[in-house]
Engineer: 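Submitted below is the structure of interest, expressed as structure tokens.
The shown structure was predicted, so the numbers you read here are calculated from the model rather than taken from an experiment. Proteins come first, then strands; the chains are lettered A, B, ... in the order of their sequence lines, and each starts at number 1.
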Amino acid sequence: MPELPEVETVVRGLRPRLEGRVLARVEQHCDALRFPLPVDFARRLQGRRILSIKRRAKYILAQLDGNEVLLCHLGMSGRMVVSNGDAGPREKHDHIIFTTETGDQIRFNDARRFGMMDLVEDSRVSEHRLLRDLGPEPLGNEFNGPVLAAALKGRRTPIKAALLDQKVVAGVGNIYACEALYFAGLSPRRQAYSVQGGRAECLAAAIRQVLTRAIAAGGSSLRNYVQADGELGYFQHEWAVYDRFGEACPECDCDRGRGGGIRRLVQSNRSTFYCPKRQR
DNA sequence: CTACCATCCTGGTTGC
DNA sequence: TGCAACCAGGATGGTA
């Protein structure tokens, strides 16, 4: 669910609570999320110190002492719920509960269990099967128009579908793919290979801009999503097209009603929202 | 190689 | 009010 801005927001919320802290107690209440959890998962984490927390694409990476990394993905519905240990009894779908030596508690709650966690030797993190094929970080220096153009070259798939491919660019999901295409003025149906040169430059800039703005807003709070410190992100109020079927696009108010305004279509089984007038 | 589809699982919303 | 159908932020693996 959470896309790059939401995961970045979670990471920033977790850092002050977890960096430098020891996992005094780890409770595991299920055997598998999206994948089976490692053998002895909770026991192996118990007593370990978290040295730092990073994000790569939509993954959270907690560097532990003893040269291991705790790798987490929130899937569609995963949340990290933070408390001072006064959160009360375990709630439905609280699968993993971390308690630090200072008494803070982080609960991984995931109704749909599409999330994942794994424990990996740190020298092998970049070779992990879920990380090794990821494309460039869209907010990193390695991402720009020519890099995006090269990734899209020859690809005979709609540009919307290509943006959801984590090999093209890492961390963009359904919401921000729709938003970036809107700001770049590109139709979600346009063939990916046709996004070259100036169009690729424009799209790369739109991706960076929309992600940056979303992070500044604390991400988008969706139905079941709360950021790590319990505060609600508010970027959902700034969506130009996502989940706004039938509404006027911010730039062409005139088309509202009469079947005009923002349209919805289904691509690769996912909803796409766009303005047919501004996006070609 | 590439592209499309179903699938994992649960819950909230919509419509009859 | 009850219940069924449909929809949802992701990502993989199989098939064509």
Side-chain angles (χ1 to χ4, degrees), chain A residues 1-11 29-37 55-60 71-80 91-95 108-118 128-135 138 150-181 188-194 210-211 214-215 217-228 232-239 241-246 264-273:
Chain A
M1 160 317 281
E3 304 182 27
L4 186 153
E6 290 74 38
V7 178
E8 179 63 29
T9 300
V10 168
V11 164
H29 296 281
C30 63
D31 294 331
L33 297 168
R34 174 90 169 80
F35 307 108
L37 288 161
R55 177 191 61 72
R56 167 73 171 120
K58 299 170 195 168
Y59 292 88
I60 299 169
L71 180 63
C72 307
H73 194 291
L74 302 175
M76 294 261 252
S77 54
R79 296 181 292 160
M80 293 289 185
E91 292 191 34
K92 205 172 178 184
H93 310 303
D94 280 347
H95 302 306
F108 177 70
N109 181 289
D110 183 9
R112 294 176 76 180
R113 291 199 205 192
F114 286 0
M116 64 81 61
M117 287 197 193
D118 199 3
H128 193 281
R129 67 186 182 89
L130 298 172
L131 301 181
R132 67 184 170 208
D133 294 325
L134 290 172
L152 298 174
K153 191 175 179 189
R155 292 201 47 161
R156 207 161 284 281
T157 193
I159 183 64
K160 163 71 181 333
L163 289 182
L164 295 181
D165 183 342
Q166 302 296 297
K167 297 188 204 60
V168 171
V169 53
V172 175
N174 203 41
I175 294 174
Y176 299 106
C178 293
E179 295 293 303
L181 287 170
R189 298 186 207 251
R190 174 184 277 279
Q191 290 290 298
Y193 63 72
S194 75
V210 74
L211 295 177
I215 290 170
S220 301
S221 291
L222 299 149
R223 288 173 180 81
N224 56 353
Y225 173 76
V226 185
Q227 106 191 25
L232 299 174
Y234 50 87
F235 193 72
Q236 66 276 15
H237 303 302
E238 296 183 43
W239 291 343
V241 289
Y242 185 80
D243 205 21
R244 301 191 59 172
F245 173 75
R264 173 182 182 269
L265 69 99
V266 174
Q267 296 176 293
S268 322
N269 264 334
R270 318 289 301 277
S271 289
T272 298
F273 297 87

Engineer: Do the side chain of A/Arg113 and the base of B/dC9 come within less than 3.5 angstrom through a donor-acceptor pair of N or O atoms?
Structural biologist: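 Counting by modelled atom types and ignoring angles, no donor-acceptor contact under 3.5 Å is found here.
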Engineer: When the distance from CG of A/Leu74 to C1' of C/dA8 is rounded to whole Å, what number comes out?
Structural biologist: 16 Å
Engineer: When the distance from CG of A/Asp165 to C1' of B/dC1 is rounded to whole Å, what number comes out?
Structural biologist: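 Spelled out: CG on A/Asp165 to C1' on B/dC1 is 13 Å.
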Engineer: Select base, sugar-phosphate, or nothing to describe what A/Lys92 touches, counting heavy atoms under 4.0 Å on all strands.
Structural biologist: sugar-phosphate
Engineer: Measure from the side-chain heavy atoms of A/Ala111 and tell me the nearest of C/dC7, C/dG10, B/dG11.
Structural biologist: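 So the nucleotide nearest the side chain must be B/dG11.
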Engineer: If you take all heavy atoms of A/Phe273 and A/Cys178, which pair is closest and at what distance?
Structural biologist: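 Minimum heavy-atom separation between A/Phe273 and A/Cys178: N-SG, 3.6 Å.
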Engineer: Quickly work out the A/Glu6 CD to C/dA8 C1' distance and round it to whole Å.
Structural biologist: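 After rounding, the gap between these two atoms is 14 Å.
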Engineer: Between A/Lys160 and A/Asn174, does any side-chain donor sit less than 3.5 Å from a side-chain acceptor?
Structural biologist: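 Present: a donor and an acceptor within the cut-off.
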Engineer: With side chains defined as the heavy atoms from C-beta onward, is the minimum distance between A/Ile175 and A/Phe235 less than 4.5 Å?
Structural biologist: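 No - every pair of side-chain heavy atoms lies 4.5 Å or more apart.
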Engineer: Could you tell me how far apart A/Asp243 (CG) and B/dG12 (P) are, to the nearest whole angstrom?
Structural biologist: 17 Å
Engineer: Taking atom P in both B/dG11 and C/dT1, compute the distance separating them and give it to the nearest angstrom.
Structural biologist: 22 Å
Engineer: Is the backbone N or O of A/Gly171 less than 3.5 Å from a side-chain atom of A/Gln166, with the two atoms forming a donor-acceptor pair by type?
Structural biologist: yes
Engineer: Please report the distance, rounded to the nearest Å, between CG in A/Leu33 and C1' in B/dC9.
Structural biologist: 11 Å
Engineer: Would you say CZ of A/Arg189 has more than 12 non-hydrogen atoms from neighbouring residues, nucleotides or ligands within 6.0 angstrom?
Structural biologist: no
Engineer: Classify the ring geometry between A/Tyr59 and A/His73 as parallel (under 30°), tilted (30 to 60°) or perpendicular (over 60°).
Structural biologist: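 A/Tyr59 and A/His73: perpendicular rings.
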Engineer: Take the protein atom CG of A/Leu4 and the nucleotide atom P of C/dA11, then report the distance between them rounded to whole Å.
Structural biologist: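 Distance, rounded to whole Å: 11 Å.
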Engineer: Please report the distance separating the P of B/dA6 from the corresponding atom of C/dC6, rounded so that it comes out in whole Å.
Structural biologist: 13 Å
Engineer: Work out which heavy atom in A/Ala162 is nearest to a heavy atom in A/Leu152; give both atom names and the distance.
Structural biologist: CB-CD2, 3.7 Å
Engineer: Assign A/Leu130 to base, sugar-phosphate, or nothing according to its heavy-atom contacts below 4.0 angstrom with the strands shown.
Structural biologist: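 Sugar-phosphate contact only.
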Engineer: Once you round it to whole Å, what is the distance between P of C/dA8 and CG of A/Leu164?
Structural biologist: 13 Å
Engineer: Is there any protein nitrogen or oxygen under 3.5 Å from a nitrogen or oxygen in nucleotides 13-16 of chain C, and what are the pairs?
Structural biologist:
none

Engineer: If the sugar-phosphate is the primed atoms plus P, OP1 and OP2 and the base is the rest, what is the B/S/- string for nucleotides 2-7 of chain B, using protein heavy atoms under 4.0 Å?
Structural biologist: -SS-B-
Engineer: Are the side chain of A/Arg55 and the backbone N or O of A/Ala57 linked by a donor-acceptor pair below 3.5 Å?
Structural biologist: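 Yes, because the side chain of A/Arg55 sits within donor-acceptor range (under 3.5 Å) of the backbone of A/Ala57.
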Engineer: DNA chain B in dot-bracket, Watson-Crick or G-U pairs under 3.5 Å, [ ] crossing, | other strand?
Structural biologist: .|||||||.|||||||
Engineer: With the six-membered base ring of C/dA11 as reference, does the ring of A/Phe114 sit under 5.5 Å away with planes under 30° apart?
Structural biologist: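 The base of C/dA11 is not stacked with A/Phe114 (the test needs centres under 5.5 Å and planes under 30°).
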Engineer: Within the 4.5 Å heavy-atom criterion, are A/Leu4 and A/Ile215 side-chain neighbours or not?
Structural biologist: yes
Engineer: Taking only the side-chain nitrogens and oxygens of A/His93, find out if one of them lies under 4.0 Å from OP1 or OP2 of B/dC9.
Structural biologist: no
Engineer: Is there a donor-acceptor pair under 3.5 Å between the side chain of A/Glu3 and the backbone N or O of A/Lys58?
Structural biologist: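 No, A/Glu3 side chain to A/Lys58 backbone: no donor-acceptor pair under 3.5 Å.
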Engineer: Determine yes or no for a side-chain-to-main-chain donor-acceptor pair under 3.5 angstrom, with A/Glu8 supplying the side chain and A/Gly218 the backbone.
Structural biologist: no
Engineer: Return the nearest nucleotide to the side chain of A/Gln166; candidates are C/dC7, B/dG11, C/dA11.
Structural biologist: C/dA11
Engineer: A/Arg113 pairs by side chain to side chain contact (heavy atoms under 4.5 Å, CB included) with which of A/His93, A/Met76, A/His95?
Structural biologist: A/His95
Engineer: Report yes if at least one side-chain N or O of A/His73 is closer than 4.0 Å to OP1 or OP2 of C/dA11; otherwise report no.
Structural biologist: yes
Engineer: Between A/Met76 (CE) and B/dT10 (P), how many Å, whole number?
Structural biologist: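 It works out to 14 Å between those atoms.
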Engineer: Would you say CZ of A/Phe245 has more than 12 non-hydrogen atoms from neighbouring residues, nucleotides or ligands within 6.0 angstrom?
Structural biologist: no
